[in-house]
Amino acid sequence: MGSSVFKMFTQLAIIFLYARNLSVVDYGLYQSVWLYINIASVISLFGLPALILSSPANAITGWIKENKKYFIFFFGLLNFIPLVYILIAVNEYNFTARILLIILTVVQNIAILIETAAIKKEKEKLVLITNLIFTAGYILCHLIILYSNYSLQLLLTALIFIFIIKAVLQYNFIRNIATDKFTIQPKQLSRQWVYLGLNDVAGVIFKWLDKWVILYFISVAQFAVYFNGSYEIPVFGLMLSAAGSVMLVEMSRQNTAIAEKAKILFKSSSVLLSSIVFPSFCFLFFYHSEFFTLIFSAKYAAAIPVFLISIFILPVRITNYTAVLQVYNRNDLILKGAVLDLIVAIVLMLILYPLLQLKGLAAAFVLSTYIQAGYYLWHTGKLIEKKISYFFPFRNLIFILSVSILVTGIGYFISRNFSTVVNLSSGIILCILIIFVLLYNYYKTNKKGVSFNKAGQN
């Protein structure tokens, strides 16, 4: 969790500085590096980090030994395809930059596997310390290269170096890993790995597909504009991840009927997170132009309409929709939801892009996310044999959203004639006040009922 927080602030700081100081094309090339690395990395690893965390080490090594030839062929193919694609099909960079990008992807993958193994060995504190060192070096490299003589090749070389340092430091934590009991069948492990891998690949392709299309078919400059406009503020994802982890822990406890537990946890998590997310969404909706210009400068003003559409994804980021499915081990349904999300997004892109251009791409991904959430809720209802309205608090959420819209809207129309600084500052203060009141009401209400943190104990 600590590493994720540092990573989030690091990303935000670098985006802020690089968007303002680099040309639109140079900034687009920089961000495209992470597009290719993220896609190539997820395809190459194919859910292996998640498998390492969720399965006994002996089960994994035993399965690999039993299926050595198939594993080498399959894993080699998974690494060969994306790396060759970067070398041959990526035309934005020169040959040297493409080679450096491939090396960086491989080094990062090795670092991810080593860190995952260290976490598996319960070396979280040491991992956090090395990640702090890595983050400091990561920021320092970006700052020095940005403010000296910026070069993408030089930056890639520096990043390769600090990823190697991170991998070497954390490798010392995974020596002599204690063996654990072989408690899972090889066939079950194979199935689990396939589901995890396919789900990860579908998820990362969905996340980057719109940006990939723009970069491949349109231009680097348009990619930079769209990237900033569609950038999802990571703090909401971080909160959702934390809430989802709590839900999974509580759902796995076998001391309450599953339907009742689902009702308690869906209500608690969604009401709690919506008390933060909904006021934030309303603030970004009414103050979208002022806020976006403050962060990215007027240089990216063309991205403001994309940003306005993209923020509509926030209201759906209020709970873990797959918690019950995971408890029932229905990874097949989770994978089908991810594939459905991707297919719907592609179809909507084909329909909406000719009509709305970049705004159509953003709208396609927002709409497909709502459809995916509905798909998961529908299957959750089928599993626990209850209507969605039984366990998902639509009335509470509508009330919170209505209050947030009304109060924020009134505040905006009162202050909109003042200077931009006064207008934006008043909006931020009002947003914080709304969140405070909603959270106070949540905790006050749950003193008499069942709180999110105590859901599994009742």
Side-chain angles (χ1 to χ4, degrees), residues 7 10-44 81-109 137-163 204-205 207-232 234 292 295-304 306-307 310 357-358 361-362 365:
K7 183 179 179 181
T10 299
Q11 289 177 344
L12 292 174
I14 290 173
I15 285 175
F16 178 82
L17 292 172
Y18 271 53
R20 286 177 163 270
N21 288 279
L22 293 180
S23 68
V24 174
V25 172
D26 281 341
Y27 177 73
L29 287 173
Y30 168 76
Q31 291 295 359
S32 68
V33 163
W34 300 111
L35 180 151
Y36 291 121
I37 287 178
N38 284 318
I39 294 177
S41 179
V42 169
I43 293 175
S44 300
I81 293 174
L83 298 183
V84 168
Y85 176 86
I86 291 175
L87 185 63
I88 297 176
V90 175
N91 300 315
E92 294 84 41
Y93 321 110
N94 58 33
F95 181 77
T96 303
R98 279 178 282 178
I99 294 296
L100 290 172
L101 185 56
I102 290 172
I103 295 172
L104 178 57
T105 304
V106 173
V107 171
Q108 179 184 266
N109 286 351
Y138 185 87
I139 294 174
L140 194 60
C141 286
H142 278 82
L143 292 178
I144 291 175
I145 294 172
L146 175 64
Y147 290 112
S148 55
N149 186 17
Y150 176 77
S151 164
L152 182 61
Q153 293 182 24
L154 183 59
L155 180 60
L156 292 174
T157 304
L159 291 176
I160 291 170
F161 179 71
I162 63 171
F163 268 108
V204 77
I205 291 177
K207 180 179 179 180
W208 291 98
L209 179 63
D210 52 342
K211 303 171 185 66
W212 197 359
V213 168
I214 294 170
L215 188 60
Y216 191 83
F217 290 105
I218 306 178
S219 69
V220 174
Q222 286 291 83
F223 166 81
V225 170
Y226 183 83
F227 179 90
N228 285 348
S230 62
Y231 183 73
E232 189 173 349
F292 188 88
I295 301 299
F296 293 108
S297 78
K299 180 166 57 176
Y300 292 94
I304 292 177
V306 175
F307 176 71
S310 297
Q357 299 301 304
L358 296 184
L361 296 181
F365 280 78

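The basis for the numbers below is simple: all heavy atoms, side chains too, and nothing from hydrogens, waters or symmetry mates. Source: prediction; values computed, not measured.
- The two residues V220 and L29 come nearest to each other via the heavy atoms CG1-N, 3.6 Å.
- Other residues, nucleotides and ligands contribute only 12 or fewer heavy atoms inside 6.0 Å of the OH atom of Y216.
- Ring orientation note: the planes of Y300 and F296 are nearly perpendicular, at an angle over 60° on the 30°/60° scale.
- Here the CG atom belonging to L83 is positioned 6.0 Å from the OG1 atom belonging to T105, to the nearest 0.5 angstrom.
- With rounding to the nearest 0.5 Å, the separation of CD1 in I139 from CD1 in I144 is 12.0 Å.
- Classified by interplanar angle (parallel below 30°, tilted 30° to 60°, perpendicular above 60°), the ring pair Y36/W212 is perpendicular.
- Relative ring orientation between Y18 and Y150 is described as perpendicular, the plane-to-plane angle rising above 60° on a 0-90° scale split at 30° and 60°.
- With values rounded to the nearest 0.5 angstrom, L101 atom CG is found 9.0 Å from W34 atom CH2.
- A donor and an acceptor atom, one from each side chain of Y93 and S32, are located under 3.5 Å apart.
- Residue L146 holds its CG atom at 11.0 Å from CG of N149, rounded to the nearest 0.5 Å.
- Formation of a donor-acceptor pair under 3.5 Å by the R98 side chain with backbone atoms of I86 is not found in this model.
- The local environment of NZ in K207 is sparse, with at most 12 non-hydrogen atoms from other residues, nucleotides or ligands closer than 6.0 Å.
- Residues D210 and Y226 have side chains that bring a donor and an acceptor to within less than 3.5 angstrom of each other.
- Shown here for A303 and V225, the closest heavy-atom pair between the two residues is CB-O, 3.1 Å.
- Contact record, K211 with S230: CE-OG, 3.4 Å, taken as the closest heavy-atom pair.
- Atoms CD1 and CD, on I214 and Q357 in that order, are 10.0 Å from each other to the nearest 0.5 Å.
- Of the inter-residue distances, the one linking Q222 atom CD with F227 atom CZ reads 15.0 Å to the nearest 0.5 angstrom.
- Between L156 and I103 there is no side-chain heavy-atom pair separated by less than 4.5 Å.
- Here the shortest heavy-atom pairing between N228 and F292 reads O-CE1, 3.5 Å.
- Side chain of S44 to main chain of S41: no donor-acceptor pair is present (N/O by atom type, distance under 3.5 Å, no hydrogens or angles).
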As a quick check of understanding, evaluate side chain to side chain contact (heavy atoms under 4.5 Å, CB included) for L361 and L358, giving each step before the final call.
CA-CA 5 Å; L361 296 181; L358 296 184; 4.3 Å; yes
Set out, in order, the CA-CA distance, both residues' side-chain angles and the distance that settles side chain to side chain contact (heavy atoms under 4.5 Å, CB included) for L152 and D26, then state yes or no.
CA-CA 8 Å; L152 182 61; D26 281 341; over 6 Å; no
Could you please spell out the steps behind the side chain to side chain contact (heavy atoms under 4.5 Å, CB included) verdict for I43 and I81?
CA-CA 9 Å; I43 293 175; I81 293 174; 5.8 Å; no
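- Contact record, Y138 with I162: CA-CD1, 3.4 Å, taken as the closest heavy-atom pair.
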Assess whether side chain to side chain contact (heavy atoms under 4.5 Å, CB included) is satisfied between Y27 and F223, documenting all intermediate values.
CA-CA 9 Å; Y27 177 73; F223 166 81; over 6 Å; no
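- Between Q153 and A97, the shortest heavy-atom contact is CG-CB, 4.1 Å.
- Between the side chains of Q31 and Y231, no donor-acceptor pair of N or O atoms lies under 3.5 Å.
- Among L159, L17, T10, the single residue meeting the side chain to side chain contact (heavy atoms under 4.5 Å, CB included) criterion with H142 is L159.
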